[in-house]
Amino acid sequence: MKEYHQGENFYQKVYTVVSQIPLGKVMTYGQIARFLGYLHAARAVGYALHLLPHGSSVPWQRVINYQGKISPRSIDFDHATVVQRLLLEAEGVMFDDDDRVDLEKYLWNPE
DNA sequence: CTACTGACTGATC
DNA sequence: TGATCAGCCAGTA
């Protein structure tokens, strides 16, 4: 039996990886997907985080896109994106003039 | 089961 | 360097 859609297992893996991102470090959606064995499941990773409730112990703010920028989710109510940047800055992550972070410096590579 | 969407990425223009 | 198109995975209609 093939198990193409991992379902909740996939989400759990995403949460587990994100939870292991050290403070002051960040990861990209694609990197997480590849780490889990999915080469192009970056969108699914973002979906998993989007389902994450507030108050969760998962540091969702440390997950950004490959450009090093925070992905906009709602043009109408993007308060979360602002909060995400503030949280990262509070952790020591510096944003440049283009609102991007230096992935070469802050990207965390899981073992 | 098919179609569309979404916190993405990589290739092309 | 910046915008556009297509591909991929999971979820919902």
Side-chain angles (χ1 to χ4, degrees):
Chain A
M1 169 195 286
K2 287 190 175 182
E3 301 177 357
Y4 280 120
H5 46 88
Q6 312 273 322
E8 302 177 6
N9 190 28
F10 176 80
Y11 281 13
Q12 272 304 318
K13 290 181 179 177
V14 172
Y15 300 149
T16 300
V17 175
V18 175
S19 298
Q20 294 182 34
I21 303 176
L23 191 151
K25 293 289 182 179
V26 298
M27 279 187 80
T28 66
Y29 301 96
Q31 186 182 10
I32 295 173
R34 287 171 49 163
F35 179 73
L36 296 179
Y38 301 82
L39 273 42
H40 299 285
R43 307 190 65 156
V45 173
Y47 218 84
L49 294 179
H50 136 78
L51 297 175
L52 210 55
H54 295 297
S56 173
S57 58
V58 180
W60 58 271
Q61 67 273 18
R62 293 175 192 156
V63 183
I64 57 183
N65 60 25
Y66 79 113
Q67 313 176 77
K69 300 177 71 173
I70 299 173
S71 299
R73 57 277 261 167
S74 295
I75 60 177
D76 190 37
F77 197 76
D78 58 344
H79 189 278
T81 58
V82 179
V83 173
Q84 181 169 4
R85 170 166 176 164
L86 293 177
L87 288 173
L88 290 176
E89 289 180 330
E91 295 181 356
V93 178
M94 304 291 196
F95 284 77
D96 62 11
D97 194 29
D98 295 323
D99 297 321
R100 292 188 295 193
V101 302
D102 188 353
L103 292 179
E104 298 293 327
K105 181 178 180 180
Y106 298 109
L107 187 64
W108 179 65
N109 196 326
E111 302 179 22

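In what follows, every chain begins at residue 1, and chains take the letters A, B, ... in the order their sequences are listed. This is a predicted model, so every value here is computed, not measured. Side chains are part of it too, since the values below use all heavy atoms of this structure and drop only hydrogens, waters and symmetry mates.
Environment of CZ in A:R34: sparse, with no more than 12 heavy atoms of neighbouring residues, nucleotides or ligands closer than 6.0 Å.
Between the CG atom of A:L86 and the CD atom of A:Q61 there is a distance of 11.0 Å, given to the nearest 0.5 Å.
Closest to the side chain of A:N65, out of B:dC8, B:dG6, C:dC9, is B:dC8. Taking the side chain of A:Y66 as heavy atoms from C-beta on, and the options B:dA7, C:dG11, B:dG10, the nearest nucleotide is B:dG10. Nearest nucleotide to the A:S71 side chain, out of B:dT9, B:dA7, B:dG6: B:dA7. The side chain of A:R43 has C:dG7 as its nearest neighbour among C:dG7, B:dA7, C:dG11. Comparing B:dA7, B:dC8, C:dC9 by their nearest atom to the side chain of A:A42 picks out B:dC8. Distance from the side chain of A:H40 is smallest to C:dC8 among C:dC9, C:dC8, B:dA7. In this structure, of B:dG6, C:dA10, B:dA7, it is B:dG6 that holds the atom nearest to the side chain of A:Y47. Closest contact between the side chain of A:W60 and the listed nucleotides B:dA7, C:dC9, C:dG11 involves B:dA7.
No continuous path of ILVMFWY side-chain contacts below 4.5 Å connects A:V63 to A:I70, so the two sit in separate hydrophobic clusters. The cluster map of Ile, Leu, Val, Met, Phe, Trp and Tyr, joined by side-chain heavy atoms under 4.5 Å apart, puts A:Y66 and A:L107 in different clusters. Both A:L49 and A:Y38 are part of a single hydrophobic cluster, where members link through side-chain heavy atoms under 4.5 Å apart. There is a path of hydrophobic side-chain contacts, each under 4.5 Å, that joins A:I32 to A:W60.
In this structure, A:L39 atom CG and B:dC8 atom P are separated by 18 Å, rounded to whole Å. Between A:L49 atom CG and B:dA7 atom P the separation is 11 Å, expressed in whole Å. We find that CD1 of A:I32 is positioned 17 Å from P of C:dC9, with the value rounded to whole Å. Atom CD in A:Q12 sits roughly 15 Å away from atom C1' in C:dA10 (whole-Å rounding). The separation between A:Y38 atom OH and B:dT9 atom P is 17 Å, rounded to whole Å. Atoms NE2 (A:H54) and C1' (B:dA7) sit 13 Å apart, rounded to a whole Å. The nearest whole Å value for the distance from the OH atom in A:Y29 to the P atom in C:dC9 is 19 Å. To the nearest angstrom, P of B:dT9 lies 11 Å from CE of A:M27.
Residues A:P22 and A:R62 form no side-chain contact, since every pair of their non-hydrogen atoms from C-beta on lies 4.5 Å or further apart.
Contact annotation for A:Q67: no contact, since no heavy-atom pair falls under 4.0 Å across all strands. Within the nucleic acid shown, A:A41 comes within 4.0 Å of sugar-phosphate atoms alone, with no base atom in reach, counting heavy atoms only.
In DNA chain B, consecutive stretches of 3 or more Watson-Crick or G-U wobble pairs with both distances under 3.5 Å are given as paired ranges: B:2-6 with C:9-13, B:8-13 with C:2-7.
Between A:T28 and A:N65 the shortest heavy-atom distance is CG2-O, 3.6 Å.
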